[in-house]
Every structure is written in C-alpha cells, then in structure tokens.
Amino acid sequence: MAEKIRVMIPEKEVDEKIEELGKKISEDYAGQEVHLICILKGSVFFVCELAKRITVPVTIDFMQVSSYGAETKSSGVVRLSKDLDEPLQDKNVIIVEDIIDSGRTLNHLVKLLGQRHPKTMAICTLLDKPSRRVVDVEVKYTGFRIPDEFVVGYGLDYDQRYRNLPYIGVIEFID
Ligand code: IMP
Ligand code: MG
C-alpha cells in the first residue's frame, strides 16, 4: 500500500508553539533549574528545540520505553529498554513526550519516576489526543490537542520512518 503525508501542523506553527512552551517553562521555574527527561525516540526533536528556548539552567537525560511495534495502535504494554543515567533526587523534573494517546506510557512513567524522589515532576507534551485517553494523566504543558488521527513527523514515526519531517503530518494509506 502506498503512503501519503498530509500536513496537519506546519513547521512554523510547531516552532512558534515550542517557543511559547519554552517561555512558559522559563517563567514557571524562574530562579530554579529544570531537568528534562526525553522519552526516546519520539521526543528527541522536541526536547532539543524546547531546551534551546528555556532560559533557566537545563540538564537533559534520556530514557526509552516502547508500547508500539510497527502498528498504529497501542499494545498497552510499556517496556523500559533504556533507563536514565542520572538520579532524580531533589530535581525539578519535566518529562518531555512527543504525544499522549491512551496515557498508559506516561501513567507508568510518572509512577516509576515518582519513586526516585524528584523535588517536583511535571509533564510537557507536544501533542495530545484527548479522545483516546484510557488512563488519566495530569499534563502541565501541552503544545497541540489533535483529533484521533495517526500522525508522523517532528520525531514521530510510522515503523521508524518519517521522524525527520519538520512538520506534523497525517499518514494516509492509498491502495
Ligand atoms: P500511550 O501510552 O498510548 O499514551 O502512547 C504514547 C506513545 O505512543 C507515544 O509516545 C508515541 O510513541 C506513540 N504514539 C501514539 N500516537 C501516535 C501517533 O499518532 N503517531 C506516532 N506515534 C504515536
Ligand atoms: Mg513516544
């Protein structure tokens, strides 16, 4: 089946939104430091752009979890394949996600990371599909709320492809 990408959120709008989120985080954490947790691989483009726009001191760590294979539906199984390098003790942790779908991944991560005694913990996501939520999660910073469509680009993949698109697109299958 052939695939076609339709632009949902153009590059300029994504960039402006990240600028806004960076400004908000800088204001909220004025006089403090933030520790960004990038959830690999999808959040890697977002975390870089976001970090560049935060004006308080920033540290970054990475962890990898997966709940998807080459499918467009969540398996509901969250697997930790790379843990953080640094402890979270007394840090202002911000978990940076590309997208929240069922909420299962973040629900699991909040519980896991909460046990490591951060000073504060918040979630920042570029995209949210609220209509798909199965598990409730409290999100402090949201870029865009989008309808229930499978999106790619800006770090998001379909079977590992399309992460490098500089915009958010919808994948369409044509036969
Ligand atoms: P959740 O656990 O169902 O909230 O799933 C979150 C993860 O599923 C995200 O971090 C993505 O890796 C993946 N995901 C959910 N929706 C999409 C999508 O539309 N495109 C690409 N990946 C997605
Ligand atoms: Mg992800």
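The figures here come from the full heavy-atom set of this structure, side chains too, leaving out hydrogens, waters and symmetry mates. Remember, it's 1-based here, ligands and their atoms both numbered in the order they're listed.
- A distance-only check finds no donor-acceptor pair linking the side chain of Ser102 to the backbone of Val134 [under 3.5 Å].
- With respect to Lys23 and Glu19, no salt bridge is recorded, no charged nitrogen being found less than 4.0 Å from a carboxylate O.
- Glu27 has no carboxylate O lying under 4.0 Å from a charged side-chain N of Lys24, or vice versa, which leaves the two without a salt bridge.
- For a threshold of 3.5 Å applied to N or O pairs, the pair formed by Val152 and ligand 1 contains no separation below that value.
- Of all atoms in ligand 1, numbered sequentially from 1 with element shown, those under 4.0 Å from a heavy atom of Glu149 are 19 (O).
- Classified by interplanar angle (parallel below 30°, tilted 30° to 60°, perpendicular above 60°), the ring pair Phe173/Tyr158 is perpendicular.
- Some N or O of Gly103 is nearer than 3.5 Å to an N or O of ligand 1, by distance alone.
- Within the listing of ligand 1, atoms 2 (O), 4 (O) sit less than 4.0 angstrom from a heavy atom of Arg104.
- Counting atoms of ligand 1 from 1 in the listed order, those under 4.0 Å from a heavy atom of Thr105 are 1 (P), 2 (O), 5 (O), 6 (C).
- Ligand 1 is approached by Lys129 to a heavy-atom distance shorter than 4.0 Å.
- Looking at Lys91 and Asp61, no side-chain N of the basic residue comes within less than 4.0 Å of a carboxylate O on the acidic one, giving no salt bridge.
- Listed by atom number, the atoms of ligand 1 under 4.0 Å from Asp157 heavy atoms are 21 (C).
- Between Asp128 and Arg133 a salt bridge is recorded (basic side-chain N to carboxylate O distance below 4.0 Å).
- Taking a cut-off of under 4.0 Å to the non-hydrogen atoms of Glu97, the atoms of ligand 1 that pass are 10 (O).
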